[in-house]
Structure formats: structure tokens, C-alpha cells
Amino acid sequence: ATYDLLVVNGVVVTDQAIAELDVAVKDGVVVKFAPRGALKDASAKRTIDAEGGYVMPGGVDAHVHLEEPALFGKGSSADTYETGSRSAICGGTTTLITFAPQTKDQDTLMDTLHMTHAKAVGNCYTDYSFHLIVANPSARALSEFPSLRAAGISSLKIYMTYAALQLADDQILDVLLEARRNQITTMIHAENGQVIEWMTKQLEQRKMFAPKHHATSHPPMAEMEATYRAICLSTFIDVPILIVHVSSPAAAAHIRQAQEKGLPVYAETCPQYLFLTREDLDKPGFEGAKCVCSPPPREASDHEAIWEGLRNGTFTVLSSDHCPFLYDNNETGKKSCITDEFPVGHFKYVPNGCPGVETRLALAMSEAKLELKNFVTVTSTNAAKLYGVYPKKGALLEGVSDADMVIWYPPGKMAEFELKNEMLHHNVDYTPYEGRSMKQWPRYTILRGEVVWDRDGGGLVGGKGGKFLERGPSTLKGSVNKEEWDVRRW
Ligand code: URP
Ligand code: ZN
Ligand code: ZN
Ligand code: ZN
């Protein structure tokens, strides 16, 4: 056969264009686009009839926690590389960038990287890479940035909160300067950890322990202040940053203002800030605890501003921040963060994070609040550009891009359904979106020309063929000045 795969009768949507085109794939790469019907005499090992459905580059989810140690208490995040990447591919995501978490007692980053490789290799349904979490920017760790780049890693994450990870401002400056020298993108969790600790004590003094008080303990002010501080520090060093999981319009406004000045400040938001509210933390029994994440879901009246940020470019990417924990402890038969003293959980002991790697694309597609090209831009293309895998990923360019595709149902083909956790493929017993009405779901997911997800033809039909991606530097706008950073500038 001339081709390995043909996708015919689809409407191809990329960040650039929407067109009725047939797609030909050979050796895992998109090799040809042709007007609808023009390839009807070509031979292919397999042909998929998209029946008028949208054909998009596969999703790139650049914020996923797999097999990570809990930041307080015992245990680790629930999904392994196998279950997390399985969940991703069943939801239309073909590339994951997960985290390789250094801890404060570790001096080096390279051990962390090697340990994370060992967890992932041979276990992934998607292609994958890692961001290094820098918890201890020791002289040795900073000296390893060139080695990270040589190993295909071009991004890292730092934290302004969580005792186990929080960096002081001078440590942040150390990381940013070394990141600048090595063309590494720094992701920043921007919440003021001391404000959160102070608020937690205030709530405890008042015996306010319920999960809903997690939201009170993480006020928008703590996020806004840290966001503005992160922008100030990165502007001082003149280096691009990405503020992760932005939840509040007040933080988004500071980001927008920086972008309008031409600064390379990028930002991410997540479905939990579009679909959940702080009231979800007040669901009965243990259901509220399952929606605890940081920053917390905000007010319903904030959602529209977050959608608008996705439309106007304030938010570069829409990621999942998939970080679920299993709350049932099989040994004790109790919830792992529940004690006799705190029967529905003390908010400060509830592990932070929600599942979402499988529902990210379908939720946003079903809601239909983003133009199609905008949807592709924030769920795929921009992540590929920012993290240095474009146009291999995040695009469908002839002869260049991997044949990673998500194919949606044509109008009228899929019956609207109520989402149930049992439909999902993660290793968790809940989804915060239980019962939500879904108008779309990926019909097929294709990784480098192989159909891995076929919703009506067996579901998960592919194997663990995911490969590690060596990444280069960001191709989005970088430092304003190209010369070396110099103290004398200030
Ligand atoms: O609540 C969250 N987001 N948990 C995951 C860890 C993080 O900060 O992204
Ligand atoms: Zn974070
Ligand atoms: Zn996260
Ligand atoms: Zn299934």
C-alpha cells in the first residue's frame, strides 16, 4: 500500500485553518493533504471515514502528575504512567508532559530525571516528556541545567507555596537566571505559602476544619500577590515564565497587563477553573474533599473571565493539572486523610488535586465556548510551541508532523450522555464531573498513525507504544534583550 492510513471525509482543524481535506499517513507522519475525495484511488492499509467530523492534532497536556509523592501525608498520586497515559489517550490526548519531582533532601536533578524515566519507559500509551520540579536549587542542581537540555528537557516547575517545595525569592532568582542562560521555560505555582499558612491557623482557631475551608485558606489575594511577584522577578531577570493553573481573574489581570507590555509572561488555566466552584468543596460526606485542589475552584461568576482569557490569549494553554489521589485506604477501610477527630477530613490534610486528563478536551468541546482554531491553539499547539516539540506535535504539517490526531463525532452522530466515572480509564474512583452532560467525546485517537482509541470499535484498542520526546527550547517569544543578563543593567 502507498499509505499506512487515510482519514477521509473529515474537516481538518488546526490553529491556522479549517478545511475539508483528506489526510494520508505513512511511517507515523502526516505526508499529504488532498481535497476531499482526491485520494479515493490511493491504496492504504486502513481508511477511516470521519463522516464530516473534525480532525484535529492530538491533544498535548503539559500539566499531569503521575506517580508523584504526596506533598503532605503518605502515599502518592493515584495514576501510574500506565493508567494516566491510558486515560489520556481515551480522551484524545496524544502527548503528556508530566513531572519529575526533586525533593528538598536531594541535591541533584539528574537522579530525579533518571528515576522518572524508569517509571515511564515501556508503560505509556501516549508520547511523553517531563518537566523537572526544582525543590532544592543547590549549586549542583543549578549546574545541571545544561545536562537537562542535553537530555531533551527544556522546562521546569517551581513553587511559591507548600512547605515541601516552596522556594524563597532569592532561590527563585537563582533558578530564573540559570533558566535564562539555558533557554529553559520556568513554570511557576504562584500562591503565597505564608498567607495560606496564616489563613489555615486562623481557620483552625475557629474550628473551621471542613473541606470547604480549603477555599477560604487559599484566597485569590494569595494567588494574585504571588503571580505579580513572579512577574516582577522574571521581568527583572528578563526570562520567559508560565504561571500554571491560574484560577482567579485578579491574577489573570496582572498577567494580561504584563503581556500588553510585551513581556514573555505565559499562563495556563484548567477545566476546574471553568467548571467547578468553591461550592463543590461543600458537597456532602467526602465528596467535597474530592474537589480540593490548589488553587481552589473559585466563584461561578469568575468562570466567564477565565473563558475570555482563553479566547483573548491571556491563557497560552488549557491543561488538566491531573493529580488525583485515592481516598479509600484499603488497609484501614477508611479514607486516608480521615481520623476520628476529623470525620469528613480536615482540609489541611486532604491531598490537593483532581483527575482530569481524560475529560479535558471533551469538556471544553462540549461547552463550545471557544472557536475551533482557538480550541486547538490552547489544547495542543501552544503547549507544543512553549515546551519545544512543535511542529512534530501540536500541528498537522505535511511531511513534518507526527500523525497524532483526535477525530470527533460529526453532528448528530453521538447521543448526548451523562458522564460517569466508570466510563473513564484512570485509576481513581471519582470524577468531579460526575453526571455532567457531554455533547462530544473523541471518537478516535491516533498516535503516529496507529489507532489507539476507537470509541465504537472496542474502546482502547492500542498498546503502550508511547515514546519519550526530546524537546528543544520554546519557540514562543523569549527574553526581550538577547544579551547576557548583567547586574549593571539595574
Ligand atoms: O492541587 C493541585 N494542583 N495539586 C497538584 C500539585 C500542583 O501544585 O500542581
Ligand atoms: Zn501547582
Ligand atoms: Zn499540578
Ligand atoms: Zn472503558
Side-chain angles (χ1 to χ4, degrees), residues 61-73 75-79 84 88 96-103 116 130-135 155-167 172 175 185-193 196 200 211-215 217-218 222-223 226-227 230 241-248 251 266-276 278 280-281 288-298 315 317-327 337 345 347-357 360 383 387 426 428 430-432:
D61 193 341
H63 193 143
V64 176
H65 301 267
L66 302 177
E67 297 180 52
E68 264 185 62
L71 296 178
F72 36 86
S76 61
S77 61
D79 274 303
L96 293 183
I97 313 182
T98 66
F99 295 96
Q102 186 202 29
T103 53
T116 310
F130 318 114
H131 312 287
L132 260 290
I133 289 178
V134 180
S155 54
L156 48 86
K157 182 179 178 189
I158 59 174
Y159 287 75
M160 299 170 82
T161 184
Y162 292 127
L165 298 172
Q166 186 173 337
L167 302 190
I172 295 175
V175 170
T185 301
T186 304
M187 308 161 78
I188 306 187
H189 181 136
E191 286 186 289
N192 182 318
I196 292 165
T200 300
K212 68 175 176 185
H213 298 304
H214 171 79
S217 70
H218 290 59
E223 183 184 28
T227 298
I241 54 167
L242 172 113
I243 310 287
V244 290
H245 47 50
V246 175
S247 68
S248 67
Y266 300 99
E268 170 192 82
T269 192
C270 313
Q272 45 274 40
Y273 309 120
L274 298 166
F275 296 101
L276 302 181
R278 61 186 296 170
D280 286 295
L281 275 62
K290 293 177 176 178
C291 297
V292 166
C293 58
S294 289
R298 304 294 187 186
F315 296 115
V317 291
L318 174 67
S319 312
S320 68
D321 195 8
H322 179 87
C323 190
F325 289 84
L326 282 171
Y327 294 96
C337 52
F347 72 84
K348 127 175 141 177
Y349 301 128
V350 176
N352 290 191
C354 299
V357 74
R360 176 183 70 121
Y387 299 119
H426 53 199
V428 216
Y430 73 98
T431 166

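Numbering of ligands and ligand atoms starts at 1, following listing order.
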Exercise. Return the minimal non-hydrogen interatomic distance between L71 and L165, and the atom names on each side.
Key: CD2-CD1, 3.5 Å
Quiz item: Can you list the ligand 1 atoms lying under 4.0 Å from a non-hydrogen atom of D321?
Solution: 2 (C), 3 (N), 5 (C), 9 (O)
Quiz item: Can you list the ligand 1 atoms lying under 4.0 Å from a non-hydrogen atom of C293?
Solution: 1 (O)
Quiz item: Nearest protein heavy atom to atom 8 (O) of ligand 1, by residue and atom, and its distance?
Solution: H189 ND1, 2.9 Å
Quiz prompt | Protein N, O or S within less than 2.8 Å of the Zn ion (ligand 2), waters excluded | solution = K157 NZ, H189 ND1, H245 NE2
Self-check item: Polar side-chain atom of H65 near backbone of D321 as donor-acceptor pair, under 3.5 Å
Solution: no
Exercise. Report the relative orientation of the aromatic rings in F99 and H131; use parallel for angles under 30°, tilted for 30 to 60°, perpendicular for over 60°.
Key: tilted
Exercise. Pick one of side chain, backbone, both or neither for how C323 approaches ligand 1, counting any non-hydrogen atom pair under 4.0 Å.
Key: side chain
Self-check item: Under 3.5 Å: donor-acceptor pair, side chain of H245, backbone of Q272
Solution: no
Self-check item: Whether H65 has an N, O or S atom under 2.8 Å from the Zn ion (ligand 3)
Solution: yes
Quiz item: Of the backbone atoms (N, CA, C, O) and the side-chain heavy atoms from C-beta on, which set of N352 has a member under 4.0 Å from an atom of ligand 1: side chain, backbone, both, or neither?
Solution: both
Quiz item: Quick one: are E68 and C323 in side-chain contact, heavy atoms under 4.5 Å?
Solution: no
Self-check item: Backbone of L318 reached by a side-chain donor or acceptor of R360 within 3.5 Å
Solution: yes
Quiz prompt | Contacting atoms of ligand 1, where contact means under 4.0 angstrom from a heavy atom of Y159 | solution = 7 (C), 8 (O)
Practice problem: Among all protein heavy atoms, pick the one closest to atom 1 (O) of ligand 1 and tell me residue, atom and distance. | Solution: S294 N, 2.7 Å
Quiz prompt | Per-atom contacts of ligand 1 with H63, taking only distances under 4.0 Å to non-hydrogen atoms | solution = 9 (O)
Practice problem: Using the side-chain contact (heavy atoms from CB on, under 4.5 Å) rule, pick out the option among D61, V64, L242 that qualifies with S319. | Solution: D61
Quiz prompt | Nearest neighbour in protein (non-hydrogen) for atom 7 (C) of ligand 1 | solution = K157 NZ, 3.4 Å
Quiz prompt | Backbone of V317 reached by a side-chain donor or acceptor of Y266 within 3.5 Å | solution = no
